[in-house]
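See below for the structure under consideration.
Index from 1, following the sequence.
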Amino acid sequence: MSQTIPTTAKAVTFIVTRDREAAKRFYGETLGFPLRSEDAFAVVFDLNGTALRISTLKDHVAQRHTVLGWHVEDIVATVEALTAKGVKFNIYDGMGQDALGIWTPPGSTGKVAWFYDPDGNNLSLSQS
């Protein structure tokens, strides 16, 4: 079977917001991603080579599952840096996360931490 999408095609990811200005501040100032463009349809950030399009939907309801995540080299340092910028990491009852909100799955050395953007979109950090 031949590949339909060319191997040179770049992925684009999407997030929905109720408040464009709050999302712009969060993804640009708090998370530190550069603004690539903005028009009537979306704000676009550069996530280290992947475009993130943030579109406004007045009645957006965030989903409970993770919608976007980043693999980081040092999850503790990243969580601490984001916490210093006001990001609150989610602590889930019964998961056994540490005081920073970092979870190590049983039998693994990997680590995961979750946090919300201003619209309640669930985001994550992971380290292998």
Side-chain angles (χ1 to χ4, degrees):
M1 182 172 159
S2 66
Q3 183 167 346
T4 305
I5 297 176
T7 58
T8 56
K10 298 262 185 193
V12 177
T13 190
F14 299 83
I15 291 282
V16 178
T17 183
R18 290 177 304 278
D19 182 343
R20 179 186 279 214
E21 290 306 313
K24 264 178 68 173
R25 283 190 306 277
F26 182 78
Y27 286 92
E29 296 171 19
T30 303
L31 298 185
F33 292 110
L35 180 65
R36 190 185 277 179
S37 65
E38 182 174 6
D39 59 29
F41 303 103
V43 177
V44 182
F45 286 94
D46 180 358
L47 304 186
N48 304 318
T50 299
L52 166 64
R53 290 184 59 86
I54 303 174
S55 300
T56 305
L57 180 61
K58 176 178 76 161
D59 298 327
H60 169 61
V61 176
Q63 301 299 304
R64 292 178 34 190
H65 64 276
T66 304
V67 298
L68 181 62
W70 294 269
H71 182 78
V72 296
E73 294 292 320
D74 186 342
I75 196 168
V76 171
T78 306
V79 166
E80 288 174 340
L82 288 173
T83 299
K85 290 182 132 189
V87 173
K88 293 185 183 349
F89 283 82
N90 306 340
I91 303 287
Y92 299 105
D93 289 338
M95 282 197 62
Q97 294 158 279
D98 67 15
L100 294 173
I102 299 171
W103 177 61
T104 302
S108 173
T109 59
K111 298 180 182 311
V112 184
W114 295 270
F115 60 103
Y116 296 125
D117 75 359
D119 288 283
N121 294 307
N122 200 0
L123 311 176
S124 71
L125 301 174
S126 61
Q127 176 186 321
S128 304

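- Ring geometry for F45 against Y27 counts as tilted: the plane angle lies between 30° and 60°, on a 0 to 90° scale.
- Under the 4.5 Å side-chain heavy-atom criterion for ILVMFWY residues, no single connected hydrophobic cluster contains both L68 and V112.
- With K24 as the fixed residue, the side-chain contact (heavy atoms from CB on, under 4.5 Å) test singles out one of D19, V43, I54: V43.
- In this structure, the side chain of D119 engages the main chain of R18 through a donor-acceptor pair within 3.5 Å.
- Hydrophobic clustering keeps M95 apart from V76 (ILVMFWY residues linked when any side-chain heavy atoms are closer than 4.5 Å, directly or through intermediates).
- A donor-acceptor pair under 3.5 Å links the side-chain atoms of N122 to the main chain of R64, judged by distance alone.
- Not one N or O on the side chain of K111 forms a donor-acceptor pair closer than 3.5 Å with the backbone of I102.
- Note: F41 CZ to T56 OG1 = 11.5 Å, rounded to the nearest 0.5 Å.
- By the 4.5 Å heavy-atom criterion applied to side chains, L82 and F89 are counted as neighbours.
- Closest approach of P118 to A22, counting heavy atoms only: CG-O, 3.9 Å.
- Minimum interatomic distance between V44 and A51 (heavy atoms only, all atoms of both residues): CG1-CB, 4.0 Å.
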| Under the ring-ring contact (aromatic ring centres under 6.0 Å, His included) criterion, do Y92 and W114 qualify, and how do the steps go? | CA-CA 9 Å; Y92 299 105; W114 295 270; 5.6 Å; yes

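- Both F26 and F33 are part of a single hydrophobic cluster, where members link through side-chain heavy atoms under 4.5 Å apart.
- Residue L123 comes nearest to T66 through the heavy atom pair C-CG2, 4.2 Å, listed as atom of the first residue, atom of the second, then distance.
- What you find for A23 and T17 is that their closest heavy atoms are CB-OG1, 3.7 Å.
- Looking at heavy atoms from C-beta onward, F115 lies in side-chain contact with L125 at the 4.5 angstrom threshold.
- In this structure, R36 contributes its side chain and D46 its backbone to no donor-acceptor pair below 3.5 Å.
- Atom NE2 of H71 is separated from atom OG of S124 by 11.0 Å, given to the nearest 0.5 angstrom.
- A113 and V79 get closest at one heavy-atom pair: CB-CG2, 4.0 Å.
- Grouping the Ile, Leu, Val, Met, Phe, Trp and Tyr side chains by contacts below 4.5 angstrom, directly or via other members, places V12 apart from I15.
- Hydrophobic clustering (ILVMFWY, side-chain heavy atoms < 4.5 Å, transitive): W70 and V87 are in one cluster.
- The main-chain N or O of N90 is found under 3.5 Å from a side-chain atom of Q97 such that the two form a donor-acceptor pair.
- Residue-environment remark: CG (L57) exceeds the threshold of 12 foreign heavy atoms within 6.0 Å.
- Taking each heavy atom of R20 and A42 in turn, the nearest pair found is NH2-N, 3.3 Å.
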